[in-house]
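What follows is a short report on a single structure.
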Amino acid sequence: MPTTSKRNAKKERILNAALKLFSQQGFHATTTKEIASESGVAEGLIFYHFGDKQKLLLYLVNNFSFVAQLQEDAGELSKLPAEEALFQYGLAYLGFLRTNMDYLMLIWSPELIRDAEVSNEVSRLIEGFGTAGSSILKQAAESKHQPEQTIQVAMMMLTSSILVYCMLHSRFGQEVLPLGDESYIRELVRLLMHGFNEES
């Protein structure tokens, strides 16, 4: 009988293979037979672990999250001044996006944008990103008494701007915005915290 660690390793191989093939070929064009071949497991193991291809896709979407990484870093970030904490958050988020580019290409693909179940999960995921970073912004906004809605909008501005920056760099390279990652995120955080009219 296979050990739990061997079963988990096979499950992980299936997930990695599915993500790679779904993002390269499209969800509908990829067969479970191809996933099995790519991951080096019997096709029946895919159905054993996930039920069917749609459930495998939803598992991938459900288990992709920056929030878990942020929770690990939360203790260290809470010790920093708010502006520096947001900067570190931004750098970590950008690194996470770059590491998971296959996933980003998959969830924003035209066929999955039309999938209601996947869209619901992506919406939940985006809310999680915003919620996770909002505590940093709340700390910064306490003295200025900013309403909750303003903090949510500010967090959406930060995360969406970093996502667009990541996608542009992925497609066009450094020449699109040659500031460099750290300079871009620091300037973004400065604008968010101080706006155009205040000195940083």
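- When the salt bridge (Lys or Arg N to Asp or Glu O under 4.0 Å) test is applied to Arg186, the partners found at least two apart in sequence or on another chain are Glu84.
- The CD1 atom of Ile185 sits 4.5 Å away from atom CG of Leu91, with the distance rounded to the nearest 0.5 Å.
- In this structure a side-chain-to-backbone donor-acceptor pair under 3.5 Å is missing from Ser23 to Met105.
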* Could you walk me through whether Phe50 and Leu57 pass the side-chain contact (heavy atoms from CB on, under 4.5 Å) test, one step at a time? => CA-CA 9 Å; Phe50 303 102; Leu57 173 66; over 6 Å; no
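- Surrounding CD of Glu182 are at most 12 heavy atoms belonging to other residues, nucleotides or ligands under 6.0 Å away.
- Scanning both residues, Asp52 and Phe47, for their nearest heavy atoms gives CA-CD2, 4.1 Å.
- Looking at residues two or more places apart in sequence or on another chain, you find a side chain to side chain donor-acceptor pair (under 3.5 Å) between Tyr184 and Ser161.
- Separation of atoms OG (Ser109) and CD (Gln24) is listed at 13.0 Å; rounding is to 0.5 Å.
- Atoms CG and CG, from Leu106 and Leu112 in turn, are 5.0 Å apart once rounded to the nearest 0.5 Å.
- Checked by atom type and distance alone, the side chain of Tyr165 pairs as donor or acceptor with a backbone atom of Asp181 at under 3.5 Å.
- The CD1 atom of Ile35 lies 5.0 Å from the CG atom of Leu56; values are rounded to the nearest 0.5 Å.
- The two residues Ala42 and Ala36 have their closest heavy-atom pair at C-CB, 4.1 Å.
- Distance NZ/Lys33 to CD/Glu38: 15.0 Å, rounded to 0.5 Å.
- Using a 4.5 Å heavy-atom cutoff, the side chains of Leu60 and Phe22 are in contact.
- Remark: Glu34 pairs with no residue by the salt bridge (Lys or Arg N to Asp or Glu O under 4.0 Å) rule, at least two apart or across chains.
- The distance from atom CD1 of Ile46 to atom NZ of Lys55, rounded to the nearest 0.5 Å, is 14.5 Å.
- Remark: Glu117 pairs with Gln54 by the side chain to side chain donor-acceptor pair (under 3.5 Å) rule, at least two apart or across chains.
- Scored by the side chain to side chain donor-acceptor pair (under 3.5 Å) test, Thr30 finds Gln25 as partners (sequence neighbours excluded).
- At least one side-chain heavy atom of Cys166 sits less than 4.5 Å from a side-chain heavy atom of Met101.
- Here the closest heavy-atom approach between residue Ser39 and residue Arg13 is recorded as O-NE, 2.9 Å.
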* Evaluate the criterion side-chain contact (heavy atoms from CB on, under 4.5 Å) for residue pair Leu163 and Tyr93; output intermediate values, then yes/no. => CA-CA 9 Å; Leu163 173 62; Tyr93 179 55; 4.3 Å; yes
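- Across every non-hydrogen atom of Thr99 and Gly95, the tightest pair is OG1-O, 2.8 Å.
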* Asked: Could you go step by step and tell me if Thr159 and Tyr89 meet the side-chain contact (heavy atoms from CB on, under 4.5 Å) rule?
  -> CA-CA 10 Å; Thr159 54; Tyr89 169 91; 3.5 Å; yes
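- Judged purely by atom type and a 3.5 angstrom limit, Lys53 uses its side chain to pair as donor or acceptor with the backbone of Phe27.
- With sequence neighbours left out, the side chain to side chain donor-acceptor pair (under 3.5 Å) criterion links Glu187 to Arg190.
- Summarising the geometry of Asp102 relative to Lys20, their closest heavy-atom pair is OD2-CA, 4.2 Å, with the distance given to 0.1 Å.
- Proximity of a side-chain donor or acceptor of Asn100 to a complementary backbone N or O of Tyr103 within less than 3.5 Å is not detected.
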